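Source: prediction; values computed, not measured. In this chain, numbering begins with 1 at the start of the sequence shown.
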Amino acid sequence: MITQQEKRYKGAGPSVAARRHIGYDRQRKGGDVRMEPILQTKGLVFQDMIHYPDLAFQQGRTTFITGPSGCGKSTLLHLMNASLEPSTGWVFYDGKNIAALDTMALRREVLLIRQAAYLFDQSIRENFAEYHTYRDEPAPG
């Protein structure tokens, strides 16, 4: 079932696959389960032309941003890592407004992968594992 909000934004910018499944990171605090997004947008507008729905991304999940060419997918990613500034609205990383964060530190946390990605002649899983090997990190399961 498509919600009214999903209908409102259809065609107005990129859509987010599995919209009902993105959103919140579960953390235990004092025995309670608390839901917090790792990356979130509110009232985000770029150059008064691209109006984004409010989004919340869960840590540890894969999210696909889809839409036709020119609808603002790449722009959204640039807004999320502070490569671009919005006309209005906010982007929050781990509950903090990214406008108040050190942009270089933020970009080490919120990576932007270009559309012309360079991949090894391997599976996607093996490419992710290779990436994490170069960063001396364990690949996510």
Side-chain angles (χ1 to χ4, degrees), residues 1-47 49-141:
M1 176 175 217
I2 296 175
T3 66
Q4 284 300 105
Q5 184 176 14
E6 288 170 322
K7 285 181 187 177
R8 179 175 155 204
Y9 290 109
K10 188 174 172 122
S15 61
V16 178
R19 188 181 302 263
R20 284 181 204 82
H21 300 289
I22 62 172
Y24 299 96
D25 180 29
R26 292 180 184 200
Q27 296 179 355
R28 292 211 170 260
K29 290 232 177 186
D32 296 329
V33 174
R34 193 171 61 131
M35 307 291 267
E36 290 194 17
I38 188 69
L39 192 63
Q40 174 175 21
T41 66
K42 289 190 178 184
L44 198 60
V45 177
F46 182 69
Q47 292 188 348
M49 293 176 20
I50 305 173
H51 298 258
Y52 294 97
D54 290 349
L55 300 170
F57 297 91
Q58 180 180 2
Q59 183 174 359
R61 290 195 99 164
T62 302
T63 303
F64 297 92
I65 301 171
T66 62
S69 179
C71 74
K73 301 178 297 289
S74 295
T75 301
L76 176 61
L77 297 176
H78 285 285
L79 291 164
M80 287 181 171
N81 83 345
S83 296
L84 293 173
E85 291 185 22
S87 304
T88 60
W90 303 271
V91 177
F92 298 94
Y93 175 69
D94 203 16
K96 299 172 192 85
N97 187 339
I98 66 167
L101 299 176
D102 174 1
T103 56
M104 295 312 290
L106 174 69
R107 290 179 192 149
R108 283 191 284 277
E109 296 287 321
V110 181
L111 300 176
L112 176 61
I113 300 173
R114 305 268 177 218
Q115 288 177 336
Y118 296 96
L119 300 175
F120 297 102
D121 188 21
Q122 302 174 33
S123 71
I124 292 173
R125 181 180 301 277
E126 291 166 326
N127 270 274
F128 275 109
E130 191 77 25
Y131 166 79
H132 287 283
T133 299
Y134 286 117
R135 292 188 59 144
D136 293 325
E137 300 174 347

[X] versus [Y], closest heavy-atom pair with distance:
| X | Y | result |
| --- | --- | --- |
| T103 | A82 | CG2-CB, 4.0 Å |
| G43 | D54 | N-OD1, 2.7 Å |
| L79 | L44 | CD1-CD2, 3.9 Å |
| S87 | Q47 | OG-N, 2.5 Å |

How long is the gap from [atom1] on [X] to [atom2] on [Y], to the nearest 0.5 Å?
| X | Y | atom1 | atom2 | answer |
| --- | --- | --- | --- | --- |
| L106 | D94 | CG | CG | 11.0 Å |
| W90 | T41 | CH2 | OG1 | 11.5 Å |
| F46 | L84 | CZ | CG | 4.5 Å |
| H51 | T88 | NE2 | OG1 | 7.5 Å |
| I98 | Q40 | CD1 | CD | 12.0 Å |
| D102 | R108 | CG | CZ | 6.5 Å |

Problem set entry | E85 atom CD: more than 12 heavy-atom contacts under 6.0 Å |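 For E85, atom CD is not crowded (no more than 12 foreign heavy atoms under 6.0 Å).
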
Exercise. Between I38 and Y93, does a side chain to side chain contact (heavy atoms under 4.5 Å, CB included) hold up when you go through it step by step?
Worked result: CA-CA 6 Å; I38 188 69; Y93 175 69; 4.0 Å; yes

